[in-house]
2 protein chains.
Amino acid sequence: MSTRKFCLAVLFCHDATGYEIRRIAGEGRFAFITEAGYGSIYPCLSKLESEGLVTVSEEFAPSKPPKKIYSITNIGKEAFVNELMELPAHDTFRSPFLLVSLFAQYLDADFIARAIDAREAYLRDKLSELRAQATECCNPASQWTMEYGITTLTASLEYLQKHRSRLEEIAREASSQPQAAE
Amino acid sequence: MSTRKFCLAVLFCHDATGYEIRRIAGEGRFAFITEAGYGSIYPCLSKLESEGLVTVSEEFAPSKPPKKIYSITNIGKEAFVNELMELPAHDTFRSPFLLVSLFAQYLDADFIARAIDAREAYLRDKLSELRAQATECCNPASQWTMEYGITTLTASLEYLQKHRSRLEEIAREASSQPQAAE
DNA sequence: TTGACATATATCAAGTCGATACGTATATAC
DNA sequence: GTATATACGTATCGACTTGATATATGTCAA
């Protein structure tokens, strides 16, 4: 039901095509909500239409690919707000990187370094994107939400920068005196 | 493929039943790896067995429910380490709460307060569980990983405590002078 | 003019999620 | 004593998600 709320949330702000909704997922103030793909969004929009929560208008511009522009209805707005008014489920946070760090002693030191580099670069990118969007945004709830994201990403990046050498050390020591598993 | 790596990771450390693997998911040092349920774990174990990466021994103790105890094979250990040696995908972080905060101005101030309370309580619980496990753990890689989790959870909790009043204010102001959507 | 990239809709196989069914054992409450 | 709840344990099901791919058109640069 998360793709559902996400689609309604986007359409609550402005009309959009499925393609646009997809692009908004995981970006800006929606950075920490969902990363739904086409396979979730298109079926979801069809369902919302059949329930009368959104309407669709097809646009056949000459020399352009046809578009389906979705709009939220009043019933849709009401349903969205009602569905938000249930205590939200807790966050899901999954980190393949932390599985790597957990087994650092069995892995190659070079590999660990590369994995940390990639993660640092990713965190920095995400952070600068968020910071840029936060400054040019005037809605206070969006600001609050983005600053939350910035705060946790910053903490994550700082931990990584301060403590990466310790993890690299674990991998280096283990490879110099390899141990039996278990 | 994440349930797969998770199952191998657990079995890399010690033998376990499907039920035990399920309980370990989302707890302790595996807190940020996955939260796989039975519906993922049991099929995954069958598949791993058919690939020869794990073996199973059935235990029919008298007056006890039958158990299937899974063990990782040498091929399994090798496969696990090899599969870890690919650059890990980036984290997925999804927060239904942040969708609520994003639309705070359309929601009830009381509801916002309750949602924040629940989140604070959840973060505090998760943190104290992690801290307890981190102190009684001697593996340096596990320590590093759990401290990473503690750091980000702490940042999250602190932001919430410091800035919750601002979000509550947004909801309160909006309900006193309700505005049209859009 | 070929190739890369952006726009746009849509589907598919494989896997995941959350609930539920089924069954035994043990402890707690009435 | 006998319900009632909780823990252990295996397993499946429908609905949904994931990630890749198919299909088209348009644009821009080498």
Side-chain angles (χ1 to χ4, degrees), chain A residues 1-8 10 15-27 30 33-51 54 56-70 83 86-96, chain B residues 1-8 10 15-27 30 33-51 54 56-70 83 86-96:
Chain A
M1 284 295 149
S2 187
T3 302
R4 177 189 173 89
K5 282 181 191 163
F6 169 66
C7 288
L8 289 174
V10 173
D15 295 354
T17 65
Y19 182 76
E20 285 162 348
I21 293 174
R22 163 65 242 281
R23 271 205 331 181
I24 290 167
E27 286 190 350
F30 290 107
I33 312 299
T34 188
E35 282 174 53
Y38 300 126
S40 306
I41 288 170
Y42 283 117
C44 184
L45 288 171
S46 301
K47 205 186 163 206
L48 289 173
E49 200 204 341
S50 74
E51 291 178 42
V54 307
V56 62
S57 79
E58 301 199 40
E59 188 183 88
F60 300 97
S63 79
K64 286 249 171 159
K67 275 183 179 186
K68 287 185 175 181
I69 300 163
Y70 288 90
E83 285 176 32
E86 285 154 29
L87 272 195
H90 70 253
D91 299 357
T92 54
F93 180 26
R94 252 146 247 206
S95 181
Chain B
M1 284 296 148
S2 186
T3 301
R4 177 187 172 90
K5 282 181 191 163
F6 168 65
C7 288
L8 289 174
V10 172
D15 294 355
T17 64
Y19 181 77
E20 285 162 347
I21 293 175
R22 164 61 243 283
R23 270 205 332 182
I24 290 167
E27 284 189 353
F30 290 108
I33 311 300
T34 187
E35 283 173 54
Y38 300 126
S40 305
I41 288 170
Y42 284 117
C44 183
L45 288 171
S46 300
K47 204 185 164 209
L48 289 173
E49 200 205 340
S50 75
E51 289 178 43
V54 307
V56 62
S57 80
E58 301 198 40
E59 187 182 87
F60 301 97
S63 80
K64 285 249 170 159
K67 274 183 180 187
K68 286 185 175 180
I69 299 165
Y70 288 89
E83 286 176 29
E86 285 155 29
L87 273 195
H90 70 253
D91 299 356
T92 54
F93 179 27
R94 252 146 247 204
S95 180

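Values below: all heavy atoms of this structure, side chains included; hydrogens, waters and symmetry mates excluded. Below, chain A is the first sequence line, B the second, and so on; all start at residue 1.
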Does B:Tyr42 or A:Tyr38 map to a spot on DNA chain D nearer the 5' end, using the closest nucleotide for each?
-> B:Tyr42
Considering only NZ, NE, NH1 and NH2 on the basic side and carboxylate oxygens on the acidic side, decide whether A:Glu51 and A:Arg4 come within less than 4.0 Å.
-> yes
Is A:Gly18 touching bases, backbone alone, or none of the nucleic acid, heavy atoms closer than 4.0 Å?
-> sugar-phosphate
Residues passing the ring pair (Phe, Tyr, Trp, His ring centres under 6.0 Å) test with B:Phe93, sequence neighbours excluded, are A:Phe32, A:Phe93
Counting side-chain heavy atoms from CB outward, which of D:dC8, C:dA8, D:dG9 is closest to A:Glu20?
-> C:dA8
Rounded to whole Å, the CD-C1' distance (A:Glu58 to C:dT7) equals 16 Å
Indicate, with a heavy-atom threshold strictly under 4.0 Å, whether A:Ser40 touches base, sugar-phosphate, or nothing.
-> base
d(A:Ile21 CD1, A:Leu8 CG) to nearest 0.5 Å is 9.0 Å
Interatomic distance where NZ belongs to B:Lys67 and C1' belongs to C:dA25 [whole Å] | 13 Å
Under 4.0 angstrom between B:Thr3 side-chain N/O and C:dT16 OP1 or OP2 = yes
Could you give the CZ-to-P distance, from A:Arg23 to C:dA6, as a whole number of Å?
-> 10 Å
OP1 or OP2 of D:dC8 sitting under 4.0 Å from any side-chain N/O of B:Thr17?
-> no
Nucleotide of C:dA8, C:dC17, D:dG9 approaching A:Tyr19 most closely (side-chain heavy atoms) | C:dA8
Between atom CZ in B:Phe6 and atom P in C:dT16, what is the gap in whole Å?
-> 12 Å
Separation of atom CZ in A:Arg4 from atom C1' in D:dT17, rounded to whole Å = 16 Å
Evaluate side chain to side chain contact (heavy atoms under 4.5 Å, CB included) for B:Arg94 paired with A:Glu35, printing each intermediate quantity in order.
-> CA-CA 8 Å; B:Arg94 252 146 247 204; A:Glu35 282 174 53; 3.7 Å; yes
Sugar-phosphate, base or nothing in reach of B:Arg22, heavy atoms under 4.0 Å = nothing
Return the value, rounded to whole Å, for the distance between atom CD1 of A:Ile41 and atom C1' of C:dT9.
-> 12 Å
Which one, D:dT17, D:dC16, D:dA11, comes nearest to the side chain of B:Lys68?
-> D:dA11
Here the distance between atom P of D:dG9 and atom OH of B:Tyr70, to the nearest Å, is 14 Å
Rounded interatomic separation in angstrom, taking NZ from B:Lys47 and C1' from C:dT16 | 14 Å
Residues A:Pro43 and A:Tyr38: closest non-hydrogen pair is CD-O, 3.7 Å
